[in-house]
Amino acid sequence: MSNEPVIEFPCRYPIKIIVVTGSDNTAKVIEIVRRHSPKVSPDDIGSRHSRGEKFVSLRVNLWAESEGHLRSLYDELLAHDAVRIIL
């Protein structure tokens, strides 16, 4: 069995972030994403409210440099109180 990564970096990498609606939460989460992946443009971001509008689902296509790069992004996103899930 090989220890090679399943993903070949660098690459375009889609993530989905579930955020609690309200108080600039979406803007703050996008700011975190852009801090880690500055090339993310508005065309790379999509959003959709949940049925009850308690949550916003953000779909972001970003440029991932490495597993460490993604881990760093995930850690900072998960530290934000409004982030519920990252897929």
Side-chain angles (χ1 to χ4, degrees):
M1 205 173 226
S2 175
N3 287 337
E4 292 295 315
V6 177
I7 301 169
E8 288 188 37
F9 293 101
C11 65
R12 294 296 283 172
Y13 192 84
I15 63 171
K16 187 180 219 179
I17 310 161
I18 307 300
V19 182
V20 175
T21 300
S23 181
D24 295 332
N25 289 338
T26 301
K28 290 174 185 172
V29 167
I30 291 170
E31 181 181 310
I32 292 169
V33 170
R34 284 198 172 124
R35 198 166 34 247
H36 289 267
S37 191
K39 294 181 182 179
V40 169
S41 73
D43 291 338
D44 295 321
I45 302 169
S47 66
R48 183 174 160 202
H49 283 275
S50 65
R51 237 179 255 162
E53 296 196 14
K54 287 183 169 184
F55 302 97
V56 176
S57 171
L58 295 174
R59 293 169 311 283
V60 182
N61 286 308
L62 55 88
W63 189 253
E65 299 292 334
S66 66
E67 282 186 50
H69 177 224
L70 288 175
R71 195 171 310 116
S72 175
L73 170 61
Y74 279 38
D75 289 346
E76 188 171 351
L77 286 170
L78 288 171
H80 194 286
D81 290 340
V83 174
R84 292 296 178 255
I85 300 171
I86 303 171
L87 304 170

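Since this is a predicted model, take the numbers as computed values, not measurements.
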Item to complete: Identify whether Val60 and Tyr74 are in the same connected component of the hydrophobic contact network (ILVMFWY, side-chain heavy atoms under 4.5 Å).
Response: yes
Practice prompt. Starting at NZ of Lys28, measure out to OG of Ser23 and round the result to the nearest 0.5 Å.
Written response: 4.5 Å
Worksheet entry | Counterpart residues, salt bridge (Lys or Arg N to Asp or Glu O under 4.0 Å), relative to Arg71 (two or more places apart) | Glu67
Practice prompt. Write down the atom of Ala64, the atom of Phe9, and the distance for their closest heavy-atom approach.
Written response: O-CD2, 3.6 Å
Worksheet item: How far apart are the closest heavy atoms of Pro10 and Glu65, and which atoms are they?
Response: CB-OE1, 3.9 Å
Under 3.5 Å, sequence neighbours excluded: what are the donor-acceptor pairs made by side chains of residues 12-22?
unit_1	atom_1	unit_2	atom_2	d
Arg12	NH2	Asp44	OD1	2.7
Arg12	NH2	Asn61	O	3.3
Thr21	OG1	Glu53	O	3.1
Thr21	OG1	Lys54	O	3.2
Thr21	OG1	Phe55	N	3.2

Identify every side-chain donor-acceptor pair in residues 76-87 under 3.5 Å, counting partners at least two apart or on other chains, and give the distances.
unit_1	atom_1	unit_2	atom_2	d
Glu76	OE1	His36	NE2	2.6
Glu76	OE2	Arg35	NE	3.3
Glu76	OE2	Arg35	NH2	2.3
His80	ND1	Ala82	N	3.0
Arg84	NH1	Asp81	O	2.6

Worksheet item: With side chains defined as the heavy atoms from C-beta onward, is the minimum distance between Leu62 and Leu70 less than 4.5 Å?
Response: yes
Item to complete: Not counting sequence neighbours, which residues clear side chain to side chain contact (heavy atoms under 4.5 Å, CB included) with Arg48? List them please.
Response: Arg59
Worksheet entry | All side chain to side chain contact (heavy atoms under 4.5 Å, CB included) counterparts of Ser47, not counting sequence neighbours | Val56, Leu58
